[in-house]
2 protein chains.
Amino acid sequence: MSAASEATTLTAHDVVEAAGRIVEKDGLDALTMRRLSDDLGVAVTSIYWHVGNRRALLDALVDRVLADMGMLEAIGSTPRERMASLARQLRAKMLERPHLIALVHEQAKTPLMFLPVQAAMAAELAALGHRGATAALSLRALQMHVIASVVLERTIERHPTAQRAPFDDAAWSNDLADAELVAELSREPDRVELFEFGLKALLAAL
Amino acid sequence: MSAASEATTLTAHDVVEAAGRIVEKDGLDALTMRRLSDDLGVAVTSIYWHVGNRRALLDALVDRVLADMGMLEAIGSTPRERMASLARQLRAKMLERPHLIALVHEQAKTPLMFLPVQAAMAAELAALGHRGATAALSLRALQMHVIASVVLERTIERHPTAQRAPFDDAAWSNDLADAELVAELSREPDRVELFEFGLKALLAAL
DNA sequence: ACCTGAACACCGTTCAAGT
DNA sequence: ACCTGAACACCGTTCAAGT
């Protein structure tokens, strides 16, 4: 089931699979047509026969990732708890394959990742008496929070400590200086705490 | 003052300026060393003498953008109003040059754009009785919201209507279907409304 | 139907050579 | 100190040619 790269003829599916492995392991920049053809033990040009071109390959890859997302289950006793659990699960799922979700985001398909939980969240919102345009706005705010959390998390991960401030001292050298605040801001943020803070605020605003 | 591309010898500053114009106008992908050298009427290789390489050029460009951000002024009578005004102004400033802030974000320097307002926001938080770690968390949540808003806005702009759902029908074909919600979600979101919703929720959570 | 090699126009970058 | 052209190793892509 796993050793699929046999001597049998190549399929478009094989190409997308191999491309997915490259991106997941070494990032989008590592996915060149030549590297891909090498991994498949085939000439560069046969890739083009199967998937058209690089752009089409990325489209197919994004579709594959979206299809792999699967359904999530709301857990908790109150509507708000259940919505929070959905948001947390979606976030966790996205963080599992950072490079691939970066690709999805680059292709502006991030909202599609939210679809599997949209209906479930709508049910919870209905339980709170929200529907129509109001429910849509809440849904989108939650969606934006989850996506933002993942996108920013990935950014932090890429460049671990690039947080030094150029005009830091100048900006803070006034009477209002709060030493503990400044010290805290110079540390790396607790991402989970930050995610939970925004999540709680949004749910409370419903 | 503007016609600076005279016959005088080239400087690193000129190179960064020209690069900024290219990115601002045609996006990051349009910035190639050869295009840049053409714009400057110079051989490709002299670029390398002045700025090292492409990576260093991008770093310099990011520094320039960050330095150009300038200070903002808190407007409003209550601390919350003043913080909201700062967030709105920062967002507006970032949206002025989408391609350049995309570059800043790609280089993981987005948090640095928040520095000019950080001290001002800290003062407002102090007025609300928040300081230290609590204030830092609030600050970061606000920061995340502004950045997320801009980053997502840019994504939407790039691919105007790529929001069709593959398993849309299946996901929604249950008894809880809310026709108005579904219709609303198929429309483009009102970005300002979405931004204000999250902003209000975060400020209320303080 | 599937795969290949040769070729093209483009990259970023290096380096010896000019003034 | 500043600028150049030639050259290198890489890209994505096309196309005529093979089986």
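Computed from a predicted structure; not experimentally measured. In what follows, every chain begins at residue 1, and chains take the letters A, B, ... in the order their sequences are listed.
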task: Decide salt bridge (Lys or Arg N to Asp or Glu O under 4.0 Å) for Asp68(A) and Arg97(A); before the verdict, give the C-alpha distance in whole Å, the side-chain angles of both, and the deciding distance to 0.1 Å.
output: CA-CA 11 Å; Asp68(A) 278 13; Arg97(A) 296 131 104 208; 3.5 Å; yes
query: How long is the line joining CG of Asp29(B) and C1' of dC11(C), in whole Å?
result: 12 Å
message: For nucleotides 12-19 of chain C, give me one character per nucleotide, 5' to 3': B if any protein heavy atom sits under 4.0 Å from the base, S if the only such contacts are to the sugar-phosphate, - if neither.
response: BBBB----
query: Do any side-chain nitrogens or oxygens of His50(B) fall under 4.0 Å of OP1 or OP2 in dA1(D)?
result: no
task: Quick one: pull up CG in Leu10(A) and CH2 in Trp49(A) and give me the separation to the nearest 0.5 Å.
output: 10.0 Å
query: Can you list the steps and then say if Gln118(B) with Gln143(B) is a side-chain contact (heavy atoms from CB on, under 4.5 Å)?
result: CA-CA 9 Å; Gln118(B) 227 162 43; Gln143(B) 168 178 344; 3.6 Å; yes
Positive for side chain to side chain donor-acceptor pair (under 3.5 Å) with Ser149(A), one of Glu196(A), Arg191(A), Arg91(A): Arg91(A)
- request: Taking all non-hydrogen atoms of both residues into account, name the closest pair between Gln89(A) and Glu73(A) and its distance.
  value: NE2-O, 2.7 Å
- request: Could you tell me whether Asp39(B) and Arg21(B) make a salt bridge, using a distance below 4.0 angstrom between a side-chain N and a carboxylate O?
  value: no
message: What is the distance, to the nearest angstrom, from the CG atom on Asp14(B) to the C1' atom on dC2(D)?
response: 14 Å
field: Note, Arg131(A) side chain near Leu181(B) side chain (heavy atom, < 4.5 Å)
entry: no
message: Using only atom types and a distance under 3.5 Å, with no angle test, would you say the side chain of His99(B) pairs donor to acceptor with the backbone of Leu28(B)?
response: no
message: At less than 4.0 Å, is any side-chain N or O atom of Thr9(A) found next to OP1 or OP2 of dC2(C)? Yes or no.
response: no
- request: Could you give me the stems involving DNA chain D, meaning stretches of three or more consecutive Watson-Crick or G-U wobble pairs whose two defining distances are both below 3.5 Å?
  value: C:4-8 with D:12-16, C:12-16 with D:4-8
- prompt: Just how far, in rounded Å, is P of dC11(D) from CD1 of Ile47(A)?
  reply: 13 Å
